[in-house]
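A short write-up of the structure that comes next.
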Amino acid sequence: MCGIVGYLGNQQAQGVLLDCLGRLEYRGYDSAGIATIDGGKLGMLRCAGKNADLQSLVDRSPLPGGIGIAHTRWATHGRPTDSNSHPHTDCNGALAIVHNGIIENYPELKEQMEDDGHRFVSQTDSEVIAHLIEANFTANIEGGLISAVRKALSLIQGTYALAVISQQEADKIVVARSGGPPLVIGHTDDGLYISSDIAAILHYTRDIQILEDNEIAEICRDGATISLLDGTPVDRARIQIDWQQNAAERNGYPHFMLKEIHEQPQAVLETIKGQTLLADGAVLFPQAAYTTTSQFCLTRRVTILACGSSWHAGLVGKHLIESISGTPVDVDIASEYRYRPQFSHAGTLAIGISQSGETADTLGALKTARNSGAGILAICNVNGSSMGREADGVIYTHAGPEIGVASTKTFTCQLTALVLFAISLGLANGNLSARAAKALLQDLLRLPLLIERILAQSEALAGLARLFDGATNALYLGRGVLFPLAIEGALKLKEISYIHAEAYPAGELKHGPIALIDRNIPIVVIATQGPLYEKLLTAIQEVKARDGAVLVMATDGDRKIGAIVEHVFYLPATTELLMPILMAVPLQLLAYHIAARRGCEIDQPRNLAKSVTVD
Ligand code: F6R
């Protein structure tokens, strides 16, 4: 999705901004641009393509000045072209804006502005903001830039994170936010930074103020003044972000995705350590009001709402919570749930799962659940994210920044958080004994070591990736708590290698997908030892009988599988309910190695965005 950065300080803004844009690349984008002010004169460069293309423009025509804004665009309204790239400017080229979000009433506003003589050069919804600010600035110059921005925003319907600079007030950046896309202000002795993504400015500062919904800020050399859009002053505390600086760098790995896959032992451990494990097996969640025993006793039902991989984590969560705590769980795709009729959710705890904490559909679904009487808990990775602030309580995963577009370590950390949640709920409602809770926690604490063992076999998975050479389709089969891992494995493959992959519960094979099987379609079967193991063997035999090329994910020491199938990857054994956390790792590595063999852009797959802030 689109990314915003801004800088105001002692350094030359162009260098800082281009560096920050590089750190936003992972979010996915198709064009980039930058504007600075020097000696009271605005300069701007923008182009379709990548940051490197913008860098070439800047090399040819440098943009001096200590104040500027920049943007990476992920096209929504209008194709990725030079003129649709941000920043956008007014008729006189005196002010520049960068915008994330969608202006829903832009056609009407544009028509009106054109009638008033404004000339538009793009097909975007965003350009109208520049013209609205210009019109209001000209009409009321005494009110200043911030007042013109306020007036312009009062006419807009839609969502925005916005940054504006103007020649007339060349010493400030005005930023505003409403309805979704995030915006943070970073402080250093050297200057102030703004960004739609903490990871982009983490290299410079961890001292952050978060701009909330319906707020506007004037950022000058001596600080940021935040107020509501209606002018009410806001006193916003600064928070310290504890992510490691180098967590947002590749550290010698060819791709962020591979680095992040290898960070999982530590990330899972940090997610466990981020909560308080008590001697009696209970788990305390430091920031989750909805996880007290008394609240748990009121919880009759859990509804999990999420998108993409986070939804897959929710599907595993259903097995975990139902098995461990005996509480019924519904899992819903957030973008579907929010548009269905709702019934009373009294006694329901709605859990939103989101690595970014900014996914518009999940935020919308949680609000819908709240309006029907549900309590809201968020499981997310980004401290201070919208979802964390929207929910009654939040369980933070401690994966650190995830830069690769395909989620890996945040997924395994979500599963870890769900295990902890299920244990806590089970102890509170009496479904789980203290002894069983302690045993499960001990098994959980062993997982980082077992993940290390799987990572040490990465080369074996690189070899198995050859099975996918020339494939255009693949099938993933699993059952029970591991079926969601089949879906997750298929999604990872689709996202980064562009091979079409589908996942089925293995029992469904004979009800239709078996028609697909021939020697050209690789089939990954998750067949670790568990209650449904024998049934999975039957599915494997059915595939083999039709010449399917099978790769089985099996448990260490399984002698039967080796006798039936040529290609097997063996994982260490653990409790059945914890196996999804281990299983995620070889499936991620397999997709990674397949994509690497095909020469794909692994960290920034085409068309994908890291944080989906539009619905
Ligand atoms: C897949 C992936 C996406 C996200 C989805 C939800 O690798 O990353 O499917 O899981 O867009 O994002 P979050 O978790 O930020 O709500």
Side-chain angles (χ1 to χ4, degrees), residues 1 26-28 74 180-182 196-199 255-258 260-261 264 267 271 304-317 331-338 350-367 377-388 390-391 394-397 399-415 417-418 476 484-485 487-498 501 503 584-585 587-592 595 600-615:
M1 290 274 124
Y26 76 98
R27 293 167 65 98
W74 187 80
S196 51
D197 189 328
I198 292 172
H255 298 98
F256 277 110
M257 183 179 178
L258 190 61
E260 287 156 4
I261 290 172
Q264 290 180 106
T271 300
I304 297 179
L305 302 168
C307 304
S309 289
S310 297
W311 174 64
H312 303 159
L315 294 173
V316 176
V331 190
D332 234 309
I333 292 178
S335 55
E336 289 294 311
Y337 174 89
R338 58 189 294 206
I351 304 181
I353 306 178
S354 171
Q355 62 82 19
S356 62
E358 301 296 344
T359 301
D361 282 319
T362 310
L363 272 165
L366 287 177
K367 287 179 188 161
L377 176 72
I379 295 180
C380 73
N381 193 48
V382 180
N383 206 334
S385 60
S386 302
M387 213 169 292
E390 175 72 29
V394 48
I395 300 176
Y396 282 111
T397 50
E402 189 175 71
I403 307 296
V405 163
S407 39
T408 52
K409 60 177 179 170
T410 54
F411 177 74
T412 41
C413 289
Q414 288 168 347
L415 297 184
L418 284 162
Y476 283 65
L485 268 291
I487 317 180
E488 173 63 7
L491 180 66
K492 288 286 95 85
L493 187 69
K494 277 184 275 211
E495 283 181 305
I496 61 168
S497 76
Y498 314 137
V585 182
L587 294 173
Q588 294 162 356
L589 281 170
L590 182 67
Y592 173 83
C600 297
E601 271 202 58
I602 291 177
D603 284 334
Q604 294 159 46
R606 67 183 178 214
N607 305 336
L608 290 184
K610 183 69 183 163
S611 174
V612 185
T613 50
V614 293
D615 55 14

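Since we're looking at a predicted model, the values are computed, not measured. Just follow the structure's listing: the first ligand is 1, and inside any ligand the first atom is 1.
Residues Asp603 and Ile403 have side chains not in contact (no heavy-atom distance under 4.5 Å, counting atoms from C-beta outward).
For ligand 1, the atoms sitting less than 4.0 Å from at least one non-hydrogen atom of Lys492 are 1 (C), 7 (O), numbered in the order shown with element in parentheses. Heavy-atom contacts of Glu495 reach the following atoms of ligand 1: 1 (C), 2 (C), 7 (O) (cutoff under 4.0 Å).
Defined by atom type and a distance below 3.5 Å, a donor-acceptor pair is missing between the side-chain atoms of Gln414 and Thr397.
Gln264 pairs in a side-chain hydrogen bond (donor to acceptor under 3.5 Å, both in side chains) with only one of the listed residues (Thr412, Thr408, Thr410), which is Thr412.
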*Can you list the steps and then say if Ser310 with Gln355 is a side chain to side chain donor-acceptor pair (under 3.5 Å)?*
CA-CA 7 Å; Ser310 297; Gln355 62 82 19; over 6 Å; no
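Counting heavy atoms only, Cys307 comes closest to atom 5 (C) of ligand 1 of the residues Ala306, Cys307, Gly404. In the candidate list Ser385, Gly352, Ser356, Ser356 is nearest to atom 15 (O) of ligand 1, counting heavy atoms. One option in Ser309, Ala334, Ser310, Ser354 has a heavy atom closer to atom 9 (O) of ligand 1 than any other, and that option is Ser309.
The distance criterion of under 3.5 Å between nitrogen or oxygen atoms is not met by Thr362 with respect to ligand 1. Between Thr359 and ligand 1, at least one pair of N/O atoms sits closer than 3.5 Å.
For Asn381 (side chain) and Gly400 (main-chain N/O), a donor-acceptor pair under 3.5 Å exists by modelled atom type. No donor-acceptor distance shorter than 3.5 angstrom exists from the side chain of Lys409 to the backbone of Glu260, with no hydrogens or angles considered.
Residue-ligand proximity: Val405 is placed with a non-hydrogen atom under 4.0 Å from ligand 1.
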